[in-house]
A.B. asks: 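Could you have a look at this structure, given as C-alpha cells, before my questions?
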Amino acid sequence: MKEPLKFWNFLKASVPILVVILLLIIFGFAYGWNFSPSLHRDEYEGRIVDKSLTFSETQLGSGIRRRLLIEDKNGTQFEVAVKADVYDRAQIGMLIKNGIIENSLSSSR
C-alpha cells in the first residue's frame, strides 16, 4: 500500500514544478518573438549603407531576399527587407524613407 502513496506524493510535488518550467519556456518564446528586431519596419528613415541579396532554396522552391542596411540620423544601423523595385533603384549613400528613395547620391551626411 505504501508504493502508490509514494508515487502520488511524487506526482503532486513535481506537477507544480513542471508547470512553472513550462510557463517560463512559453514566456521566453513570447518575449523573444515580440522584442526581436524585425526586418519589416513600418517607418524608417536614413542613409543606405549597404545592400545584400541572398538566394535561398528549399524543397518548397527558391527565393531571393533583398535587404538594405540603413543608418539613421543618430548613427544606429538596422536592416530592412525591401521589394525588388526599391532594391534595384537603391544605391549606397542614398537617402530612403519608408521604402521611398528621396534623392540621388549625395556625399554629404
A.B. asks: Could you check whether Lys51 makes a cation-pi contact with Tyr87, meaning its NZ or CZ is under 6.0 Å from the centre of the six-membered ring and within 45° of the ring axis?
C.D. replies: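 Ring-cation test returns yes.
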
A.B. asks: Check whether any side-chain heavy atom of Ile92 lies under 4.5 Å from a side-chain heavy atom of Val49, and answer yes or no.
C.D. replies: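 Side-chain contact under 4.5 Å: no.
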
A.B. asks: Are Arg65 and Arg67 close enough that some pair of their side-chain heavy atoms sits under 4.5 Å apart?
C.D. replies: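 Heavy-atom side-chain distance check passes, below 4.5 Å.
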
A.B. asks: Do you know which two heavy atoms are closest between Tyr44 and Asn98, and how far apart they sit?
C.D. replies: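 Smallest interatomic distance, heavy atoms only, reads N-OD1, 2.6 Å.
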
A.B. asks: Mind checking the CD1-CG spacing from Ile96 to Leu68? Nearest 0.5 Å is all I need.
C.D. replies: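 Interatomic distance, Ile96 CD1 to Leu68 CG, rounded to 0.5 Å: 5.5 Å.
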
A.B. asks: Using every non-hydrogen atom in the two residues, find where Ile48 and Ala90 come nearest and quote the distance to one decimal.
C.D. replies: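 The pair with the smallest heavy-atom distance is CD1-CB, 3.6 Å.
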
A.B. asks: Evaluate the side chain to side chain contact (heavy atoms under 4.5 Å, CB included) criterion for residues Leu53 and Ile64: first the C-alpha distance (whole Å), next the side-chain angles of each, then the deciding distance (0.1 Å), finally the verdict.
C.D. replies: CA-CA 7 Å; Leu53 193 63; Ile64 300 174; 3.2 Å; yes

A.B. asks: Can you give me every donor-acceptor pair (side chain of residues 11-20, partner residue at least two apart or in another chain, under 3.5 Å) with its distance?
C.D. replies:
unit_1 : atom_1 : unit_2 : atom_2 : d
Ser14  : OG     : Phe10  : O      : 3.0
Ser14  : OG     : Leu11  : O      : 3.3

A.B. asks: My understanding is that only residues two or more places apart in sequence, or in another chain, count here; which of them pass side chain to side chain contact (heavy atoms under 4.5 Å, CB included) with Thr76?
C.D. replies: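 Thr76 satisfies side chain to side chain contact (heavy atoms under 4.5 Å, CB included) with Asp72, Asn74 only.
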
A.B. asks: Hey, what do you get for CD1 (Ile26) to CD1 (Ile21), rounding to the nearest 0.5 Å?
C.D. replies: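 Reported to 0.5 Å precision, the distance equals 12.5 Å.
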
A.B. asks: Please round to the nearest 0.5 Å and tell me the distance separating atom CG of Leu69 and atom CD of Gln77.
C.D. replies: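 Here the interatomic distance stands at 4.5 Å.
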
A.B. asks: Keeping the roles fixed (side chain from Arg66, backbone from Val82), state whether a donor-acceptor pair exists under 3.5 Å.
C.D. replies: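 A pair under 3.5 Å: no.
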
